[in-house]
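Just below is one structure, and these are the notes that go with it.
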Amino acid sequence: MTAHAAAHGMVGGERAQGAVGVHTQKLGMWVFLVSEVMFFTALIGSYIILRWGTGAEWPEPRTVLAIPVTAVNTFILICSSVSMVKAYAAAVKDDQAGLKRWLLATVVGGATFVSVQAFEYHHLVEKGFLPGSGLFGATFYTMTGFHGFHVTCGVLSMIWVTIRAFRGKYAGGKFQGIETIGLYWHFVDLVWIILFTIVYLI
Amino acid sequence: MTAAGTALPGHLHVDDRSFVRKYVFSTDHKIIGIQFLFLSLFFLLVGGLLAMGIRWQLGFPGQPMPLGGWLPEGVAPGGVVSPKTYIGLVTMHGTFMIFFAVMPLLVGVFANYLIPLKIGAPDMAFPRLNMWSFWLMIPSGLLMLASLFVLGGMSVAGWTVYAPLSNSPDYTGVHLGQQLWCLSIVIFGASSLLGSVNYITTVINLRAPGMTWFRLPLSVWALFITAVLAILAVPVLAGAVIMLFFDQTIGTHFYLPAGGGQPLMWQHLFWFFGHPEVYILILPAMGIASDVIANGARKPIFGYASMVWAMIGIAFLGFIVWGHHMFQSGMNPTLASAFMVSTIVIAVPSAIKVFNWLGTMWRGSIHFTTPMLNAIAFVSMFIIGGLSGIFMASTPVDMYIHGTYFIVAHIHYVLFGGSLFAVYAGIYFWFPKMFGKQLDERLGKVHFALTFVFYNLTFFPMHILGLGGEMRRIYDPTVYEYLRPMQPINVFISVSAFALFLAQLVFAWNIVRTLARGKKADINPWRDCGLEWTVPSPPPHGNFETTPTVYHGPYEFSVPGAAQDYLPVNQPLPPVPEGRR
Amino acid sequence: MHWWFPGNASSVGGKVDSLFYVILYITGAVFVLVEATLVVFLVRYRKRSGRTATYVEGSTRAEIIWTAIPALILVTLALVSQPLWSKIKDADTYPRDAAHLGLEAKQFEWHVTYPGPDGKLGTDDDFLKRDSIHLVVNRDYVLELTARDVVHSLFIPAFRLKQDLVPGMTIRMWIRPTRTGTFEMACSELCGLGHYRMRGVVVVHTPQEYAAWLVSQGEASAADSAAASAATAVPTPPPTDGKGAQ
Amino acid sequence: METAEHKAPNYIAVWAALAVLTVVEVAVVYLHLPRRLTVVSLVFLALWKAMLVALYFMHLRFEPKRLLYVVLAPLPLAVILVVGVMHGFRGP
Ligand code: HEA
Ligand code: HEA
Ligand code: CUA
Ligand SMILES: [Cu+2]
């Protein structure tokens, strides 16, 4: 369309507030998550390429990793996702008590996940399974390590949010912050769902 | 001051920020843009100095460099560049120019400074993130600078740091230098991500009333698309570099065949980032050139819509051509053919843009201001660089010219002739807005003329060298008999290169002098339509007294029936005269 | 003294050159046309008193024309390039009866393995030459390219041939010399500090010369190959320039 | 705030679904089905779980379509990258 056609079109900018019609903070988080997708694409992609794109022989993950433990851990992370979304629901209903409760649950869930992963690492290292041990070691530690790093950042910011919640910062409909951090949290959960499957199970 | 329209977050207030908040850890997009300007000009200078080292060795192989005696023995024994130092110079020249000079110049400076002003926003969507994106560049840049001086020397693997050469000190003796390179690039990635998230969100959500998508200035469109490219491409580089870093430090084997790794995987990941990167380096230049050319020709941009679609096309195609850097790498030849086709197709949107620029000048009234001159140079030089790209896109021809100076010529025609000329155009054009002082036009024209001449004298002969078969990244061409006859060309290039460098000092001097005692610039020195020209120079914190309303596109020059030959976008169009459309 | 392509000496070189010239003429024409138009516009439409710019926003017809024409030219370009490419690089199309030579690159040497009398690689009568490839004119060869340490790139300007050698891969490249003589070969992928001096020669013989040369190799090469296989034993390259240059 | 307007989905149900799917996944592994079948079903299950999280926890189901496009943009690129590289390895 030419500038003039536009000029005779609507002026006064209903569209000015966001072509996507999404709150700025949320949109920003989504855009950031898009870049995160590409980051994990590089890591997970390399794993796929190295394992299935080249003749490299690969150990059965089961023989190296403890699946039951990690399955439980996965479940824990999923739970923390649910508690997060519950916290959001509470915030929407302006139920401050619920918000605080669910946020605390989320922090605990996330922290547990990280500690279990740390324990798992410790165990694997003792068994002599290191980043240096073949492509499996390299890809395993890189992918899960960076995921763990993301969870850790999540937990830290979640603690910060919880403190703010206790200070009543999200009362009276000001709950956008909760939704935004929640998006990040669920994304990390989502990535883990993929990782758990292709790294531990397949 | 009155509060800005409720539509927009943040509002004007009496500016009572402390000096530090105002000029150091500022969250004001304008200050951040200016900080980026000086930082990246500094790195441009560094990259230029390194280039002079390169040219000395190539022009006068094995002869002691002037002032070379000051360099430590390890670097330049007796003032002579050592092979290791030479490759280091090349690597760091490429790295600094691409990541620390031109990319911040185009994106850091103009995206930050222009986007909010041009779309009528008081600031970026996330001013604090924006501040971080600048302050992350500092550690990143410092690490890269430090890597020049560490034990074992700087990275010597080329700016493409191909594995396995870059993986292990066994091959080059470089360890710390290469690791610092990786760290610096990862931090750089974080910085450009924060920036890009900001630009995208801002353009989508903070446009002033009436500033519809198809009224955005092409510069904003370009910067927006560039930001999209960045958030999609840069994370891949970050991931790849992190794996490289692990290979060097914790003994993984991602790229080392010894442990089952794949050297080619590095090349794929790098170029999956690398090619979009080169378009990150040209799209903003195209946007700036479009704005300046329309203004200089006093005419609406020709084919605005197709200009936009062409850029979107380039951006999309840019992601499926990365293999053209790997034609000779041992990649599956059938796949190479596919990449050849996509690469050749990408010339079409570029063609559209070139012809639309010509169309814009056609029947215009061209004012040869310094910005306009640089913008015209951009167009004509980009054509040369682009056309040389066609040779390489053809796989069989690339087989001969790959890894020769023909590529080096291409690089510099697109990156200097393209990007850097546009950067100069942009700086000359928006400097008055940024600092409220008008750069000296006479000095500007001198700088332009000298740069244009010596630039071509420096880089055009490189095509000949390439066709003669001279390889890139070689310390001393005279090792080869078949290259010796061409040594005079190398001498000629080097001399022109030194002159080119000196010509840039005119520019530096112009900036310094103008800042010291330049003549005051009025609000709208170029008689342009953009919103940024409706506010004082420099604009106040918060930009707009009240949220402006936009009534038409950004290029309404010489509108029939209008009082002056330009119509600011915040003024309604005159009634359409009879008979026209 | 040449400031242009070295004289061609291989079966594909001529075709590469003519393709290059085709592109040169096309892009040359485009270049002249576009830049000339630019200059004409700059002169004719420069600012002059009494003339103002005419208000034009664009023209769909023009857009279509200058999208279609380049697209057409460019696609044809791809079409003409493709067959030559697969002829050169697609291993399935290589002549069956070609003689196979081994070429291993290491920092900063070329190790050429000759099949020896029995004409087969990997048998113990193979022998090895450093930095020089000896070929018979008008005969098909397939080089089996490997790299011991980092990525190198075989570049024989007179043959217009270039192919990277990647550690962990065996890449086959077909050559057919068409002119006797001695030609320089270079490494054109940055492979370390000695990259610039990773030079070799390709010697193209007449059959008779070659036979003579083969005989002369007999005992001489024995020592040579022994030395080289010793070098092969070293896992990582001797850091000649590597650690040395510090 | 449009996400607040739609009535919140039954998060507990989603949670139960995710839990069950996880159990199924682990079961599949220990069932020792034919390799290909295992892989296919595992990938399918994983994508299913991922979708549940994205659609309900991240509310994509209730967002404007445009946001959905923004979010899906990188996925084709990811595929192009991986597929491209894997094809690239079969050298001449
Ligand atoms: C700003 C940066 C920039 C830009 C815009 C481009 C644009 C293009 N580049 Fe370039 N390129 C680089 C930066 C850039 N490049 C760099 C830095 C390298 C080297 C990296 C390294 O190895 O260090 C490189 C390397 C490079 C290679 C690899 C060479 C090799 O290593 O063997 C190839 C191969 O295809 C290539 C092709 C192209 C093509 C086809 C375009 C096209 O987009 C150009 C399109 C434009 C035109 C064609 C001109 C205008 C059009 C017309 C006037 C219309 C009429 C034209 C016709 C009908 C033909 N480039
Ligand atoms: C934008 C990118 C850019 C720019 C501007 C330049 C500029 C120059 N480059 Fe660059 N070059 C590259 C990007 C660039 N280069 C890349 C990517 C490579 C590949 C690297 C590799 O192979 O790994 C390369 C490689 C390369 C080579 C090949 C080396 C080899 O392969 O062996 C050569 C050789 O001559 C060379 C020369 C030059 C010269 C003489 C300039 C001159 O134009 C320099 C002129 C000087 C300046 C432009 C700086 C002056 C600026 C100022 C004074 C600023 C003013 C300051 C204030 C106001 C405070 N370059
Ligand atoms: Cu071997 Cu360069
Ligand atoms: Cu490219």
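Below, chain A is the first sequence line, B the second, and so on; all start at residue 1.
The number of heavy atoms from other shown groups lying within 6.0 Å of CD (A:Glu60) is above 12. In D:His32, the NE2 atom is crowded: over 12 heavy atoms of neighbouring residues, nucleotides or ligands sit closer than 6.0 Å. Surrounding OH of D:Tyr69 are at most 12 heavy atoms belonging to other residues, nucleotides or ligands under 6.0 Å away. The 12-atom threshold is not exceeded at NZ of D:Lys65, counting heavy atoms of other residues, nucleotides or ligands nearer than 6.0 Å. Environment of CZ in D:Arg61: sparse, with no more than 12 heavy atoms of neighbouring residues, nucleotides or ligands closer than 6.0 Å.
In this structure, OH on D:Tyr11 lies 10.5 Å from CE on A:Met84, to the nearest 0.5 angstrom. Distance check, rounded to the nearest 0.5 Å: NE2 of D:His59 to CD of A:Glu179 gives 6.0 Å. In this structure, CZ in D:Arg66 is found 11.5 Å from CG in A:Leu27, a value given to the nearest 0.5 Å. Here the CG atom belonging to D:Leu18 is positioned 7.5 Å from the CG atom belonging to A:Asp189, to the nearest 0.5 angstrom. In this structure, OG on A:Ser83 lies 11.0 Å from CH2 on D:Trp15, to the nearest 0.5 angstrom.
For A:Phe40, no part lies near chain D; criterion is any non-hydrogen pair under 4.5 Å. With a 4.5 Å cut-off on non-hydrogen atoms, D:Ile12 touches chain A through its side chain but not through its backbone. Both the backbone and the side chain of A:Val82 come within less than 4.5 Å of a heavy atom in chain D. Residue D:Leu68 does not touch chain A at all, counting heavy-atom pairs closer than 4.5 Å. Contacts of D:Ala73 with chain A are absent, with no heavy-atom separation under 4.5 Å from either backbone or side chain. There is no contact between D:Leu45 and chain A, counting heavy-atom distances below 4.5 Å. Contacts between D:Thr38 and chain A at a heavy-atom distance below 4.5 Å are absent for every atom of the residue. In this structure, chain D has no heavy atom under 4.5 Å from any part of A:Ile44. Looking at A:Trp185, neither its backbone nor its side chain comes within 4.5 Å of chain D, counting heavy atoms on both sides.
Across A:Leu33, A:Ile193, A:Thr41, the residue that shares the most heavy-atom pairs under 4.5 angstrom with chain D is A:Ile193. In terms of non-hydrogen atom pairs under 4.5 Å with chain D, the most contact-rich of A:Gly182, A:Cys79, A:Ala89, A:Ala71 is A:Cys79. Among the candidates D:Leu42, D:Leu81, D:Val82, the residue making the largest number of heavy-atom pairs closer than 4.5 Å to chain A is D:Leu42.
Inter-residue side-chain proximity for A:Ile78 and D:Val53 is flagged as unmet; no heavy-atom pair is nearer than 4.5 Å. D:Val43 is not listed as a side-chain neighbour of A:Thr197, based on a closest heavy-atom distance of 4.5 Å or more. Looking at A:Trp30 and D:Met58, their side chains come closer than 4.5 Å, going by heavy atoms from C-beta outward. In this structure, A:Leu201 and D:Val28 have side chains that are not in contact, with every pair of non-hydrogen atoms separated by 4.5 Å or more. Side-chain contact between A:Leu190 and D:Met51 is absent, with no heavy-atom pair separated by less than 4.5 Å. At least one side-chain heavy atom of A:Val85 sits less than 4.5 Å from a side-chain heavy atom of D:Phe57.
For A:Arg62 against D:Tyr30, the heavy-atom pair with the smallest separation is CD-CE2, 3.9 Å. The minimum heavy-atom distance linking D:Met86 with A:Gly53 is given by the pair CE-N, 3.4 Å.
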